[in-house]
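Note sheet for the following structure.
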Amino acid sequence: MSFISASGVKYSYEDSDKNVLDGIALKVNKGEFVALLGHNGCGKSTMAKTLNALIMPKEGVIYVNGMDTSDEEVTYEIRREVGLVLQNPDNQLVASIIEEDVAFGPENLGVEPEEIRKRVDNALKTVDMYEYRTFAPHKLSGGQKQRVAIAGILAMQPDCIVFDEPTAMLDPNGREEVLRTIKTLKEKGITIVLITHYMDEAVLADRVIIMENGSILTQGEPEEVFSQVNLLKKHSLDVPQATELAYKLIGAGLRFSKMPLNTEECIEMLEGALS
Amino acid sequence: MIRDITLGQYVPGNGIVHKADPRVKIILLIAFITLIFCAFNFVSLAVIAAAVMIIILLSDVSLKLYFKSLKVIIVIILITSILNIFYGTGTPIWQFGILKITMSGIYRAVFVSVRIVLLILISSCLTFTTSPTDLTDALERLMKPLKVFHIKVHEIAMMMTIALRFVPTLLEETDKIMSAQKARGADMESGGLIKKVKAMTPVLIPLFVSAFRRAYDLAMAMECRCYQGGDGRTRMKSLHIKKSDVFCIIFAVVILTGVVLCDIFIAPII
């Protein structure tokens, strides 16, 4: 059975009639890396909040590891298993010292002090922030703060982490750091749902889901999804630059075996096509 | 300018004062503050001053920082001591109209300034050597008995932690908004006090809006991390009274009795 399985999920905010989520069906397997793409306001952030029981769907059900998110008795168990990393790193840190902030989650869970210490050290090492453990948050860069926020979630030992546009407020270096961390987590077997509007981040995923107006427009492997250039363009969504170039070249009569997703692949294929 | 205020700033370190139990430190601070106001002659004042100096030298924080924290209040010290010089009683040494300086006035001035300096030094020492989290943690534990009166001790401590955490963030944001408003032609430097205060409105409104937004985000982040209030919560750093803390307490008791004895056996000067 899938780790997360949602079906017929509908949700609308109180002050509007429009369904932000309009009958979403979604399955995420254990250990999978899924990227959720879409415009601003397409409901992707709302979707993220439904996954760890911050909001309940008005219709439909979401199961996380077999637990119904609308069952209040398991709310905290679900939140422990599905961590949520938000956009603004500043607003996620609670304590004035890095290690104490990372300890916040396990402290809430009532974990034993020695065990918390171990978890905090491990989490900080995983995100490569161990040397900064006694620093104050405001002394760190955006990327570092975001990594600390990730460590704070990791210390609760979740099975899945949902990232809600984690790089939107970061500079290119910070983005690079956070993406590297996400890859490390993926290698550790943690299920990842990455919500983003950067195409070059989405191509890292095993599966890309594109949302539009509260429902799923298309999904599949990155290659498969991004080769539907026409469909994406029609909904004024971007495709990775490399893919777009290849698409235009194909239009001009060049032949490619498959769609390139990043610069390296594109160069390789161009060399192949030109020789 | 706001950044120059050193009071309330934590300096990481590894000295004996850093390692002392924050609860002990808070109680000793309260004891010392009371003591500073209980010194009525030069000997007892000197004993306290010596004790404070010893603590500061042991604290593994550069003396520069202590001077910096004194710099902020130098005006207050000057004003109060000048006022006190003229408030003395007894035979005047120097007189000009109704202004007269007496020996007791000078003593008073010295006492007041030394007291203020010691107060600032000893409380700076607490904040320099104790992380804000330790501080609120200790306060939470010390105030625990108040739960009997249905005071939400944990919630108060949590609010303090968050407030302390967001002070630098909001300062940074104020700077940014001020620059943004200046870039739009806002004039914040010229004019009198009232005009200047009025000029702050376009800074304060965005600051408040953003603070509320941050609060909303933070509440969500805390929920994501399974925050359910104080019940069933554990702490990574549990507090234990160690041997060194016992020494601290003994040291404080010695100073305390010293000062009380001095007060009893030496005639008060003020």
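What you see is a predicted model; the values in this text were computed from it and never measured. Naming: A, B, ... by sequence-line order, numbering from 1 per chain.
Contact record, Met156(A) with Cys226(B): SD-SG, 4.3 Å, taken as the closest heavy-atom pair.
In this structure the side chain of Pro137(A) reaches within 4.5 angstrom of the side chain of Arg165(B), judged on heavy atoms. Side-chain contact between Leu109(A) and Tyr227(B): absent, with no pair of heavy atoms (C-beta onward) separated by less than 4.5 Å. In this structure, the side chains of Phe104(A) and Arg233(B) come closer than 4.5 Å at one or more pairs of heavy atoms. Looking at heavy atoms from C-beta onward, Met236(B) lies out of side-chain contact with Glu112(A) at the 4.5 angstrom threshold. Residues Gln92(A) and Met220(B) fail the side-chain proximity criterion, which asks for heavy atoms closer than 4.5 Å.
The main-chain N or O of Val111(A) is found under 3.5 Å from a side-chain atom of Thr234(B) such that the two form a donor-acceptor pair.
More than 12 heavy atoms of other residues, nucleotides or ligands lie within 6.0 Å of CD1 in Ile177(B), so this atom counts as buried by the packing criterion. Sparse packing is recorded around NZ of Lys198(B), with 12 or fewer heavy atoms of other residues, nucleotides or ligands lying under 6.0 Å away. The number of heavy-atom neighbours closer than 6.0 Å to OH of Tyr76(A), taken from other residues, nucleotides and ligands shown, is above 12. More than 12 heavy atoms of other residues, nucleotides or ligands sit less than 6.0 Å from atom CZ of Phe251(B). More than 12 heavy-atom neighbours from other residues, nucleotides or ligands sit within 6.0 angstrom of NZ on Lys58(A). Residue-environment remark: NZ (Lys176(B)) stays at or below the threshold of 12 foreign heavy atoms within 6.0 Å. Taking a 6.0 Å sphere around OH of Tyr13(A), one finds it holds more than 12 heavy atoms contributed by other residues, nucleotides or ligands.
There is no contact between Pro158(A) and chain B, counting heavy-atom distances below 4.5 Å. With a 4.5 angstrom heavy-atom cutoff, Val120(A) touches chain B only via side-chain atoms. In this structure, the portions of Glu99(A) lying under 4.5 Å from any heavy atom of chain B include both its backbone and its side chain. Contacts between Leu54(A) and chain B at a heavy-atom distance below 4.5 Å involve the side chain alone, from C-beta outward. With a 4.5 Å cut-off on non-hydrogen atoms, Ile78(A) does not touch chain B at all. Neither the backbone nor the side chain of Val162(A) has a heavy atom closer than 4.5 Å to any heavy atom of chain B.
Taking chain B as the reference chain and counting heavy-atom pairs below 4.5 Å, the highest number among Glu77(A), Arg79(A), Arg117(A) is found for Arg79(A). For the set Gly83(A), Gly105(A), Ser96(A), the entry with the most heavy-atom pairs within less than 4.5 Å of chain B is Ser96(A). Considering only heavy-atom pairs separated by less than 4.5 Å from chain B, the leading option among Leu86(A), Val85(A), Val82(A) is Leu86(A).
Not counting sequence neighbours, Lys25(B) has no partner by the salt bridge (Lys or Arg N to Asp or Glu O under 4.0 Å) test. Legend: residues meeting ring-ring contact (aromatic ring centres under 6.0 Å, His included) with Phe135(A), ordered by chain and number and at least two apart, are Tyr132(A).
Annotation: the span from Glu100(A) atom CD to Asp137(B) atom CG amounts to 7.5 Å, rounded to 0.5 Å. Within the model, atoms CD1 of Ile153(A) and SG of Cys224(B) stand 6.0 Å from one another, a figure rounded to the nearest 0.5 Å. Atom-to-atom distance recorded for Arg213(B):CZ and Asn88(A):CG is 10.5 Å, nearest 0.5 angstrom. To the nearest 0.5 Å, atom CG of residue Asn108(A) and atom CG of residue Asp231(B) are 11.5 Å apart. Taking CD1 of Ile97(A) as the start and NZ of Lys237(B) as the end, the distance is 5.5 Å to the nearest 0.5 Å. Interatomic distance, Phe166(B) CZ to Asp90(A) CG, rounded to the nearest 0.5 Å: 7.0 Å.
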Give every donor-acceptor pair under 3.5 Å between a side-chain atom in residues 64-71 of chain A and any protein atom, sequence neighbours left out.
from, atom 1, to, atom 2, distance (Å)
Asn65(A), ND2, Glu81(A), OE1, 3.0
Asp68(A), OD1, Ser70(A), N, 3.0
Asp68(A), OD1, Ser70(A), OG, 2.9
Asp68(A), OD2, Ser70(A), OG, 3.3
Asp71(A), OD1, Glu73(A), N, 3.1

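Contacts from residues 143-163 of chain B to chain A, taken as heavy-atom pairs separated by less than 4.5 Å, involve Met158(B), Thr161(B), Ile162(B) in sequence order.
Between Glu107(A) and Arg225(B) no salt bridge is recorded (no basic side-chain N to carboxylate O distance below 4.0 Å).
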